[in-house]
Each structure stands twice: as structure tokens, then as C-alpha cells.
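I have placed the structure first, in the form of C-alpha cells, so that the comments after it can refer back to it.
Heads up: numbering here begins at 1 and tracks the sequence.
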Amino acid sequence: MNICKHLAIIMDGNGRWAKAQGKPRTSGHLVGSDNVRTIAIAADEMGIKYLTLYAFSTENWKRTADEVNYIMKLPAFFFKKYMQEFLDRGFRMRIIGELDMLPKATQKVLRDAEEESKDNHGLSLNICMNYGSRREILLAAKKYAQDVVDGKATLDIEEEDFDQYMMTKDFPPVDLLIRTSGEQRISNYLLWQIAYAELEFVPESWPEFTPEVLKRCLDEYQNRDRRFGGVKNV
């Protein structure tokens, strides 16, 4: 049986879900942020150790200023509402991405959540904010090149060594990547980390993604034949 230790989710469809309800896109983001709490708790109870969520990509700055501004305020609402519960459950918050480009108030909320939960050892709840995978790989390559120039590294490097330059260096590889809302693409998300991950694309939008849907996905994952480039034993 496959055990999913690290689950990554592209939380897609908030805006489209809201429009289908006759509501503004921002209301979809609010409902979607509440669903983070629901799914994080469900994932923890199902044995997931690392849950990595795509909250805001480097490409999402192309959206309207009103929508972006609203999304930047959501972390404050979210952590004010749920942080104590997360702490009580032993969750550890990790923020992945280039935070320096975010509004100062948003940066503070995210960094405070990391600091407040740093001694916890339960579910690692990883939020990707202003994150893009190609950008991450580029920054990692620059750090490695600088270490070579400074004499701290050599050109003789293995994959596991280069992995230490990634923003996710403290996490195991992704076992399962789920994208909601029916779209079937990766959208510049964790390209290095999902090299051998199983992929699932579900029709439900993120606000509709329930613990029951998560269980369905994990059941499907457990039945996958994961060979990691090898062959199945007969």
C-alpha cells in the first residue's frame, strides 16, 4: 500500500465557483481560505505529514488590483480565526516563496505564524505565497553558483545536494499532487519536487473540495503502481 506522506494541492477554482453562485470572486477566496482549515485537519487525521498548498503564484500578480489586494489581506483573517486551533493541534506553519515582494503587513502575519508554531511537531502546513517553481530553481542555481565561486561547493554535486538549495529543503518529495476545478496542468508548481509524484485532477473546485473528496483521492493514490522508473515485479 502506498503511504502519502507529502500531499501538495493546487487550490483552483475559487473565483469561478463564486461567479457560479452569483457572487464576487473575492467571496470565493474567503470560502476557499476557510476550506484550508477543513482540509488541513482532515489531512492530519488521515495521516498526512506535510501538506503544501498553492495560495498565490508569481503569475497571480496579473489579476486585478482589487482581487490581489483582497488576497493579501486574507492571511490576517485566516490566522486570527484559526491559528490557536492549529497550535493546539500541533501544526507547524511554513511559508514558501519570495515574501519580500508582499505587502509589509502580509509579510508580518506570515512570518509571525511561522515563528509562533516553529516548535510544533505535528502536520507541517506549508503555504506557498508569491511562489513560482522555475523562479525557485533559478534562485537555487544562483545560490549554488555563488557557493562554488566562494569555495563552499564544488561542481561535483548530486541531486540530493542541490535539493538543499530549494525552498522546500526541509520536506520530503511530493507523493501526490492534486489540482481542483478540472484544470489539467501544473502551473509552475513544485516542478523539482513532483518529479515522481502521482497526479490527480478532480472536477470539484477548491470550495467544493471536501474531506470526502480528499479521502477518494487518497484511496485512488493507494491503488497506484508507483515504480519510480523501474519495472513492476511479476
*Would you please test E114 and R94 for salt bridge (Lys or Arg N to Asp or Glu O under 4.0 Å) and show each step?*
CA-CA 6 Å; E114 280 193 310; R94 313 280 188 96; over 6 Å; no
*Apply the test side chain to side chain donor-acceptor pair (under 3.5 Å) to residues D147 and Y165: give CA-CA distance (whole Å), side-chain angles for both, the deciding distance (0.1 Å), then the verdict.*
CA-CA 10 Å; D147 278 355; Y165 291 90; 2.8 Å; yes
Show the nearest heavy-atom pair for residues [X] and [Y], with the distance to one decimal.
X    : Y    : result
L51  : A43  : CD2-CB, 4.2 Å
V174 : A197 : O-CB, 3.3 Å
C217 : V202 : SG-CG1, 3.6 Å
I186 : F201 : CD1-CZ, 4.5 Å
P103 : M72  : CD-SD, 3.6 Å
D156 : Y144 : N-OH, 4.4 Å

*For atom CD of E160, decide whether the heavy atoms of other residues, nucleotides or ligands shown that lie under 6.0 angstrom number more than 12.*
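Yes - once you tally the heavy atoms of other residues, nucleotides and ligands closer than 6.0 Å, there are more than 12.
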To the nearest 0.5 Å, what is the distance between [atom1] on [X] and [atom2] on [Y]?
X    : Y    : atom1 : atom2 : answer
Q107 : N130 : CD    : CG    : 9.5 Å
M129 : L110 : CE    : CG    : 5.5 Å
S33  : I71  : OG    : CD1   : 10.5 Å
I178 : M11  : CD1   : CE    : 12.5 Å
E208 : N14  : CD    : CG    : 10.5 Å
M166 : I96  : CE    : CD1   : 10.5 Å

*Measure up the Y54 and Y189 rings against each other and bin them: parallel (under 30°), tilted (30 to 60°), perpendicular (over 60°).*
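Plane angle under 30°, so parallel.
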*Does the side-chain contact (heavy atoms from CB on, under 4.5 Å) test come out yes or no for M167 and C128, once each step is laid out?*
CA-CA 10 Å; M167 296 176 185; C128 294; over 6 Å; no
*E136 vs Q193, side chain to side chain donor-acceptor pair (under 3.5 Å): CA-CA, chis, key distance, verdict*: CA-CA 11 Å; E136 178 191 23; Q193 297 85 351; 3.2 Å; yes
_Set out, in order, the CA-CA distance, both residues' side-chain angles and the distance that settles salt bridge (Lys or Arg N to Asp or Glu O under 4.0 Å) for R179 and D12, then state yes or no._
CA-CA 7 Å; R179 181 169 188 149; D12 194 18; 3.1 Å; yes
*Could you walk me through whether L155 and V148 pass the side-chain contact (heavy atoms from CB on, under 4.5 Å) check?*
CA-CA 7 Å; L155 294 178; V148 172; 4.2 Å; yes
Test item: side-chain donor near acceptor, [X] and [Y], under 3.5 Å:
X    : Y    : value
E204 : T180 : no
E183 : S181 : no
S124 : N126 : yes
Y50  : D175 : no

So, [X] and [Y], do they make that salt bridge, N to O below 4.0 Å?
X    : Y    : result
R111 : D100 : yes
R224 : E220 : yes
D34  : K81  : yes

*Kindly indicate, with the supporting measurements, whether the criterion side-chain contact (heavy atoms from CB on, under 4.5 Å) is fulfilled by L177 and I9.*
CA-CA 6 Å; L177 171 66; I9 303 179; 6.0 Å; no
_Tell me if the aromatic rings of F91 and Y82 count as close, with their centers under 6.0 Å from one another._
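No - the distance between ring centres of F91 and Y82 does not fall below the 6.0 Å cut-off.
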_Audit row: L176, E200, side-chain contact (heavy atoms from CB on, under 4.5 Å) steps and yes/no_ = CA-CA 8 Å; L176 172 64; E200 291 196 40; 3.8 Å; yes
*Check the pair E115 / K118 against salt bridge (Lys or Arg N to Asp or Glu O under 4.0 Å), numbers first and verdict last.*
CA-CA 5 Å; E115 179 65 22; K118 67 180 182 181; 2.7 Å; yes
*Pair R89-E85, salt bridge (Lys or Arg N to Asp or Glu O under 4.0 Å): steps then yes or no*: CA-CA 6 Å; R89 289 178 174 271; E85 182 179 17; 3.7 Å; yes
_Contact check, side chains of Y131 and T58, non-hydrogen atoms, under 4.5 Å_ =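 SC-SC contact between Y131 and T58 ruled out.
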